[in-house]
> 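One structure, pasted below without further comment.
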Amino acid sequence: MGVKQHCAALEKEGFLETRKRQKSVGRPEIVYCLTEKADIFFPKDCSSFTEQLLRAIESIYGSLAVDRLIHWIYRTEGEHLSQAVSALSLVDKAKELLSFREERGYMGKLVIEEGEELKIIEYHHPLVALLDKYPVIKKFERRMFEKVLGVPVRRIEDRSYGSYCCSFLFSEPSSPLE
């Protein structure tokens, strides 16, 4: 009830809106979604200037130049971070990666469930406005996760009900049979 009261207050102030999500059985769920007014609390690296800059690069040098630029950014960040965490366990690498991304405006958490893949779930992506225009970002982002974590990573994005959620799933490498 405490959380519901906080959500109701945020809705009254215009930071949240509610939506109903139908379930196959039972009452519909109430989903709280951030409104544009709440954007002030979450850094957005994707200003109109950034988008203009990428369009200009594409116009002058071609789309391959934009892809190469985005690749360079993610490769450089991935190399830097993977060197910094190379001696850590997979879980500690994931925690460091999560912290690194939070410093850049992403909002997520690490989920560890017994017998399941590890997950980094992000609920805010400061570049979300660019993801559809430049889908290569998703590919290089996943590759950066793989570089830092040292294991294969699956990226699953969900934007249903007006919200953003992206899960990065990975697990400890299997040890060879002895």
Side-chain angles (χ1 to χ4, degrees), residues 15-16 32-55 57-58 63-160 162-175:
F15 295 113
L16 289 179
Y32 293 97
C33 299
L34 295 172
T35 64
E36 285 185 28
K37 187 176 179 181
D39 285 349
I40 62 170
F41 300 113
F42 301 100
K44 289 211 182 330
D45 193 71
C46 177
S47 66
S48 60
F49 178 76
T50 304
E51 192 173 337
Q52 268 184 306
L53 188 61
L54 289 173
R55 278 198 317 261
I57 291 169
E58 188 172 22
S63 62
L64 185 57
V66 173
D67 290 358
R68 291 178 72 184
L69 178 65
I70 294 169
H71 175 258
W72 182 87
I73 291 168
Y74 279 100
R75 188 191 75 223
T76 303
E77 285 185 341
E79 287 173 357
H80 170 74
L81 191 54
S82 69
Q83 288 174 1
V85 301
S86 63
L88 300 177
S89 70
L90 181 59
V91 169
D92 288 336
K93 287 178 183 180
K95 288 177 182 176
E96 287 297 317
L97 178 57
L98 187 59
S99 175
F100 172 82
R101 296 208 17 117
E102 285 179 347
E103 289 171 7
R104 283 151 182 78
Y106 299 81
M107 185 176 73
K109 67 179 181 179
L110 176 63
V111 177
I112 304 170
E113 295 176 0
E114 191 67 34
E116 299 284 326
E117 289 180 295
L118 298 166
K119 295 178 203 167
I120 291 178
I121 303 174
E122 292 182 339
Y123 300 99
H124 176 74
H125 196 303
L127 302 176
V128 73
L130 289 178
L131 292 178
D132 293 330
K133 294 173 185 147
Y134 301 98
V136 72
I137 292 171
K138 298 173 189 181
K139 178 174 85 172
F140 293 139
E141 185 176 65
R142 182 186 55 77
R143 285 185 184 172
M144 182 189 75
F145 271 65
E146 290 179 339
K147 176 76 174 168
V148 172
L149 299 173
V151 295
V153 174
R154 290 186 299 132
R155 182 185 191 283
I156 302 170
E157 186 177 303
D158 179 14
R159 292 198 218 173
S160 58
S163 62
Y164 174 85
C165 180
C166 187
S167 299
F168 296 90
L169 294 87
F170 53 96
S171 58
E172 294 279 356
S174 303
S175 57

> Looking only at heavy atoms, what is the nearest atom pair of Leu130 and Glu51, with distance?
CD2-CG, 4.0 Å

> Find the distance between OG1 (Thr76) and NE2 (His71) and round it off to the nearest 0.5 Å.
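With rounding to 0.5 Å, OG1 (Thr76) is 9.0 Å from NE2 (His71).
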
> Distance from Lys147 atom NZ to Arg75 atom CZ, nearest 0.5 Å?
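Going from NZ on Lys147 over to CZ on Arg75, the span is 9.5 Å.
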
> Find out whether Leu110 and Leu97 are in side-chain contact, i.e. whether some heavy atom of one side chain is under 4.5 Å from a heavy atom of the other.
no

> How long is the gap from OG on Ser86 to CG on Leu81, to the nearest 0.5 Å?
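The CG atom of Leu81 is 10.5 Å from OG of Ser86, to the nearest 0.5 Å.
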
> Compare every heavy atom of Phe170 with every heavy atom of Pro152, then report the nearest pair and how far apart it is.
O-CB, 3.5 Å

> Could you pull out all donor-acceptor pairs under 3.5 Å where a side-chain atom in residues 134-142 meets a protein atom, sequence neighbours excluded?
unit_1: Glu141; atom_1: OE1; unit_2: Arg155; atom_2: NE; d: 2.9
unit_1: Glu141; atom_1: OE1; unit_2: Arg155; atom_2: NH2; d: 3.0
unit_1: Glu141; atom_1: OE2; unit_2: Arg101; atom_2: NH2; d: 2.7
unit_1: Glu141; atom_1: OE2; unit_2: His125; atom_2: NE2; d: 2.7
unit_1: Arg142; atom_1: NH1; unit_2: Glu146; atom_2: OE1; d: 3.2
unit_1: Arg142; atom_1: NH1; unit_2: Glu146; atom_2: OE2; d: 2.9

> What pairs of residues pass the ring-ring contact (aromatic ring centres under 6.0 Å, His included) test when at least one of them lies in residues 72-105, not counting sequence neighbours?
none

> Less than 4.5 Å apart, side chain to side chain, heavy atoms only: is that true for Leu127 and Tyr106?
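Contact flag for Leu127/Tyr106 side chains = yes.
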
> Less than 4.5 Å apart, side chain to side chain, heavy atoms only: is that true for Val148 and Val85?
yes

> Just checking Arg68: does its CZ atom have more than 12 heavy atoms from other residues, nucleotides or ligands closer to it than 6.0 angstrom?
no

> Within the structure provided, determine whether Val151 and Ser171 are in side-chain contact (heavy-atom separation under 4.5 Å).
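They are not in contact (no side-chain heavy atoms under 4.5 Å apart), so the answer is no.
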
> Contact between Val66 and Lys133 at the side-chain level, heavy atoms closer than 4.5 Å - yes or no?
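The answer is no, as the side chains (C-beta and beyond) never meet within the 4.5 Å cut-off.
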
> Over all heavy atoms of both residues, which pair between Gly105 and Pro126 is shortest? Give the atoms and the distance, please.
O-CD, 3.8 Å

> When rounded to the nearest 0.5 angstrom, what distance separates SG in Cys166 from NZ in Lys119?
12.5 Å

> Quick check: do Arg159 and Val128 have side-chain heavy atoms less than 4.5 Å from each other?
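Sidechains of Val128 and Arg159: in contact.
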
> Measuring from atom CZ of Arg55 to atom OG1 of Thr50, what distance do you get when rounded to the nearest 0.5 angstrom?
11.0 Å

> Rounded to the nearest 0.5 Å, how far does CE of Met107 lie from CD1 of Ile121?
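One finds 11.5 Å between CD1 of Ile121 and CE of Met107.
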
> Looking only at heavy atoms, which two atoms of Tyr123 and Cys165 are closest? And how far apart?
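Scanning both residues completely, I find the closest heavy atoms to be CE2-SG, 4.0 Å.
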
> Does the side chain of Phe168 reach to within under 4.5 Å of the side chain of Leu149, using non-hydrogen atoms?
no

> Can you find a heavy atom in the side chain of Ile73 that is under 4.5 Å from one in the side chain of Ile70?
no

> Who pairs with Ser89 by side-chain hydrogen bond (donor to acceptor under 3.5 Å, both in side chains), at least two apart in sequence or on another chain?
Asp92

